[in-house]
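Only this structure's heavy atoms are used, side chains among them; waters, hydrogens and symmetry mates stay out. Note that the numbering runs from 1 along the sequence shown for the chain.
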Amino acid sequence: MLKGTALVVGATGITGGNLCSYLVASGWTIYGLSRRPTNQSGVIPVAADLLDKSATEQALVDLPITHVFYCTWIRRHNEKANVEANSTMMRNLFEALDSDNLEHASLVTGTKQYLGSFEAYGSGRIETPFRESEPRVPGENFYYALEDVLFEAANRHGFAWNVHRPHTVVGYALGNAMNMGTTIAVYASICKATDQPFVFPGSQTQWNALTDMTDALVLARQMEWAATTPGAANQAFNTVNGDVFRWRRMWREIGEYFDLEVADCPETPQPLENQMAGADSTWREIAEKHDLIEPDVGKLASWWHTDADLGRDQECVNDTTKCRDFGFDHFRETRGAFIDLFDRLRAEKIIP
């Protein structure tokens with residue numbers, strides 16, 4: 001049975017790409033919007049730059065969209081610019097859509113809701129676990145700007161909404177700016193090829209503290225559930241796998257998968273951006289030796305984003321009581337999410 005006609009915004013990203021796959025299999029008609037057309041099976045490509053109001057209107061004209069899943073963002077040089085660019089993108093989208101057809105819109109943000117923006121990271125005085133009811137952290141944050149645009153559009157046009165707040169999404173995606181799983185896999189492969197120890201790049205706090213993560217398909221399941229469950233409408237939900245772990249165990253388990261020597265966590269962070277400063281040529285050699293499909297390491301690894309996640313000096317655990325109370329109780333073991341991703345990257349010749 002056809003469930004609806006959805007527009008997935010950011011269809012080539014880690015969240016949007018996995019959501020497209022899930023919704024296609026679940027019986028939706030899917031339009032996938034991205035700057036470069038997606039070639040994903042079962043997805044109707046829509047190419048547009050949301051910063052271009054006219055191009056967005058032309059791309060979306062007459063599309064019978066009932067549900068929007070907004071899974072994209074753009075990074076600028078400071079948070080003020082992040083706010084301006086990202087709010088403009090979402091505003092252009094809703095102004096271009098036929099509001100008479102639109103029933104529901106979903107927005108994906110994340111844990112910076114509680115921690116503060118990139119510029120004010122960790123400035124929020126929030127006790128763990130993070131709860132959806134926590135007040136906004138003072139200062140500019142493009143997550144808050146996106147929420148405000150969503151709420152205003154929903155009030156104006158009368159559609160329902162949900163906000164989803166995952167924590168570090170793990171899943172298959174290439175060329176993505178926020179992809180810790182593939183970044184770690186590439187780093188581990190370089191360590192293996194160059195006979196280097198597998199050094200945790202982050203802080204002692206992250207090494208020792210409890211944390212959690214989000215499998216991309218858990219997020220996809222929650223997004224569909226919230227968009228199609230009337231009692232869950234107009235709510236924000238944290239979205240994590242349901243387990244917690246410490247990196248000091250997870251890092252060793254990942255090292256075992258790649259058959260690597262795991263070093264003790266250094267006293268001070270050893271950022272991947274520094275460790276991998278000369279990785280371009282090394283990866284090209286690895287790719288040539290093993291006949292890998294992508295020789296450009298910059299299209300696989302997001303060193304800066306993984307450094308930001310693993311360098312925090314604050315415990316990060318998200319409370320999922322609210323979504324469970326509303327009826328969503330899907331669970332995923334995070335270690336299994338990593339291993340499944342690594343297996344796929346090997347099978348598709350992304351890593352050796």
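Summarising the geometry of His104 relative to Ala226, their closest heavy-atom pair is NE2-O, 4.0 Å, with the distance given to 0.1 Å. When all heavy atoms are compared, the tightest approach of Cys20 to Ile30 is SG-CG2, 3.9 Å. What you find for Cys265 and Ser203 is that their closest heavy atoms are SG-O, 4.3 Å. The minimum heavy-atom distance linking Gln196 with Thr194 is given by the pair NE2-OG1, 2.7 Å. When all heavy atoms are compared, the tightest approach of Arg346 to Phe258 is NH2-CD2, 3.9 Å. Nearest heavy-atom pair across Thr182 and Leu300 is CG2-O, 3.5 Å.
By the 4.0 Å N-to-carboxylate-O rule, Glu348 lies close enough to Arg344 to be salt-bridged with it. Salt bridge Lys322/Glu132: absent, no basic N to carboxylate O contact under 4.0 Å. For Asp319 and Arg131, the salt-bridge test passes: some basic side-chain N is under 4.0 Å from an acidic carboxylate O. The existence of a salt bridge linking Arg136 and Glu147 is confirmed by a sub-4.0 Å separation between a basic side-chain nitrogen and an acidic carboxylate oxygen.
Centroid-to-centroid, the aromatic rings of Phe159 and Trp161 stay 6.0 Å apart or farther. Aromatic ring centres of Phe326 and Phe237: separated by under 6.0 Å. For Phe342 and Tyr257, the distance between ring centers is under 6.0 angstrom.
Two residues are said to be in side-chain contact when any heavy atoms from C-beta on lie closer than 4.5 Å; Tyr144 and Val137 meet this criterion. Side-chain contact between Asn92 and Thr88: present, with at least one pair of heavy atoms (C-beta onward) separated by less than 4.5 Å.
Side-chain contact annotation: Ser21 with Gln40, donor-acceptor N/O pair under 3.5 Å present. In the model, Asp309 has a side-chain atom that pairs as donor or acceptor with a side-chain atom of Thr168 under 3.5 Å. Side-chain contact check for Asn162 and Ser106: no donor-acceptor pair (N or O, by modelled atom type) lies under 3.5 Å. Lys3 and Ser26 share a side-chain donor-acceptor pair at under 3.5 Å.
Checked by atom type and distance alone, the side chain of Thr183 never pairs as donor or acceptor with a backbone atom of Thr306 at under 3.5 Å. Of the possible donor and acceptor atoms, one in the side chain of Thr211 sits under 3.5 Å from a partner among the backbone N and O of Cys316.
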Report task. Evaluate side-chain hydrogen bond (donor to acceptor under 3.5 Å, both in side chains) for Asn208 paired with Arg248, printing each intermediate quantity in order. Result -> CA-CA 6 Å; Asn208 291 306; Arg248 68 191 188 204; 3.0 Å; yes
Requested in this report: Take Arg91 and Glu152 through the salt bridge (Lys or Arg N to Asp or Glu O under 4.0 Å) test and state the conclusion after the steps.
Outcome: CA-CA 10 Å; Arg91 194 172 290 111; Glu152 193 276 332; over 6 Å; no
Query - Stepwise side-chain hydrogen bond (donor to acceptor under 3.5 Å, both in side chains) check, Thr205 with Gln314 - result: CA-CA 7 Å; Thr205 300; Gln314 180 173 341; over 6 Å; no
**Report entry** Step-by-step side-chain hydrogen bond (donor to acceptor under 3.5 Å, both in side chains) determination, Asn82 to Tyr143
**Finding:** CA-CA 9 Å; Asn82 283 338; Tyr143 284 178; over 6 Å; no
Tabulate below the donor-acceptor pairs under 3.5 Å that side-chain atoms of residues 277-288 make, not counting sequence neighbours, or state none.
{"from": "Trp283", "atom 1": "NE1", "to": "Glu294", "atom 2": "O", "distance (Å)": "2.9"}

Return a table of donor-acceptor pairs under 3.5 angstrom between the side chains of residues 43-71 and protein atoms on other chains or two or more places apart.
{"from": "Asp49", "atom 1": "OD1", "to": "Leu51", "atom 2": "N", "distance (Å)": "3.0"}
{"from": "Asp52", "atom 1": "OD1", "to": "Ser54", "atom 2": "N", "distance (Å)": "3.2"}
{"from": "Asp52", "atom 1": "OD1", "to": "Ala55", "atom 2": "N", "distance (Å)": "3.0"}
{"from": "Lys53", "atom 1": "NZ", "to": "Glu95", "atom 2": "OE1", "distance (Å)": "2.3"}
{"from": "Ser54", "atom 1": "OG", "to": "Gln58", "atom 2": "NE2", "distance (Å)": "3.3"}
{"from": "Thr56", "atom 1": "OG1", "to": "Asp49", "atom 2": "O", "distance (Å)": "3.3"}
{"from": "Thr56", "atom 1": "OG1", "to": "Asp52", "atom 2": "O", "distance (Å)": "2.9"}
{"from": "Thr66", "atom 1": "OG1", "to": "Thr5", "atom 2": "N", "distance (Å)": "3.0"}
{"from": "Thr66", "atom 1": "OG1", "to": "Thr5", "atom 2": "O", "distance (Å)": "3.0"}

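Hydrophobic clustering (ILVMFWY, side-chain heavy atoms < 4.5 Å, transitive): Phe245 and Leu210 are in distinct clusters.
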